[in-house]
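Below: one structure, written as structure tokens.
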Amino acid sequence: MSSCVVVTVSDRVSTGQAEDRSGPLLVDWLTGCGHEVQRVVVPDGDAVADAVRSAAEGGAALVLTTGGTGITPRDLTPQVVAPLLDVEIPGIIELVRRVGVDAGVVGAPLTRGVAGIIDGEATRTVVVTLPGSPGGVRDAISVLHPLLDHLLDQARDGDH
């Protein structure tokens, strides 16, 4: 069992103006896989970097964000998370986009997520920034599910 943090990124959800429909999908999936999960909701912008950094410093093996990966002026998640990453894993986001495109989701190519590893003092934390839509999250789960155990093992310097 690994410690995981799901960060929902939304100005509207963080102020109670909208319901979080994507974060609970990630929480349910991760808990169903046997992981311990903490859920955080933050507004778009610098608060995302603060939440990701805090999760990594707290020893989380995995941080998944949902939201803020589009192209509106407030979609800043990739810009604030990318500088935190010591190792990039672009193939994850490429595959999430591909699944969406193959499913006929018109906006899938607009997803600007990033994925990588933060090398912390105590642990290495895998971070993946995902779309904020439930459909985008389901696509991401379909990509991450078969990779998850191997990804976390490799990030922790497991055997090939």
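All residue numbers in this chain count up from 1 along the given sequence.
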Partners meeting side chain to side chain donor-acceptor pair (under 3.5 Å) with Asp46 (sequence neighbours left out): none
All side-chain contact (heavy atoms from CB on, under 4.5 Å) counterparts of Thr31, not counting sequence neighbours: Val27, Val37
Side chain to side chain donor-acceptor pair (under 3.5 Å) partners of residues 53-63, not counting sequence neighbours, each pair once: Asp50-Arg53
Reported CG-to-SG distance for the pair Asp149 and Cys33, which is rounded to 0.5 angstrom: 7.5 Å
Those residues that, when tested against Thr129, pass side chain to side chain donor-acceptor pair (under 3.5 Å) (two or more places apart): none
Least distance between heavy atoms, Leu76 atom then Gly45 atom: CD1-CA, 3.9 Å
By side-chain contact (heavy atoms from CB on, under 4.5 Å) - contacts of Ile89 (at least two apart): Ile92, Ala115, Ile117, Leu151
Pairwise distance OG(Ser14) to CG(Asp44) - rounded to 0.5 angstrom: 7.5 Å
Transitive ILVMFWY side-chain link Val5 to Val128, under 4.5 Å: no
Between CG on residue Leu130 and CD1 on residue Ile141, distance to nearest 0.5 Å: 8.5 Å
Residue pairs fulfilling side chain to side chain donor-acceptor pair (under 3.5 Å) with at least one residue in residues 130-145, sequence neighbours excluded: Trp29-His145
Test side chain to side chain contact (heavy atoms under 4.5 Å, CB included) applied to Ile118 and Val52, step by step: CA-CA 10 Å; Ile118 296 173; Val52 170; 3.9 Å; yes
Side-chain donor-acceptor pairs of residues 62-70 under 3.5 Å, sequence neighbours excluded:
residue	atom	partner	partner atom	Å
Thr66	OG1	Ser22	OG	2.8
Thr66	OG1	Pro131	O	2.7

Path from Val126 to Leu26 over hydrophobic side-chain contacts below 4.5 Å: yes
Remaining members of hydrophobic cluster (4.5 Å side-chain criterion), Val105: none
hydrophobic_cluster_shared for Val87 and Leu84, side chain cutoff 4.5 Å: no
Which residues share a side-chain contact (heavy atoms from CB on, under 4.5 Å) with Arg12, sequence neighbours left out: Ser10, Gln17, Ala18
Side chain to side chain donor-acceptor pair (under 3.5 Å) contacts in which one or both residues fall within residues 102-115, not counting sequence neighbours: Gln79-Arg112
Salt bridge (charged side-chain N to carboxylate O under 4.0 Å, His left out) partners for Asp20, two or more places apart: Arg39
Considering all heavy atoms, the nearest Ala60-Thr125 contact: O-OG1, 2.6 Å
For the student: nearest non-hydrogen atoms of Val80 and Ala49, plus distance: O-CB, 3.6 Å
ILVMFWY network linking Val137 to Val114, side-chain heavy atoms under 4.5 angstrom: no
Approximate separation, where rounding is to 0.5 Å, of Leu152 CG and His35 NE2: 6.0 Å
For Asp119, salt bridge (charged side-chain N to carboxylate O under 4.0 Å, His left out) partners two or more places apart: Arg124
Verify same cluster id: Ile93, Val48 (apolar side-chain graph, 4.5 Å): no
Shortest non-hydrogen contact from Pro43 toward Asp11: CB-OD1, 3.3 Å
Heavy-atom closest pair, residues Arg97 and Ala108: CG-O, 3.5 Å
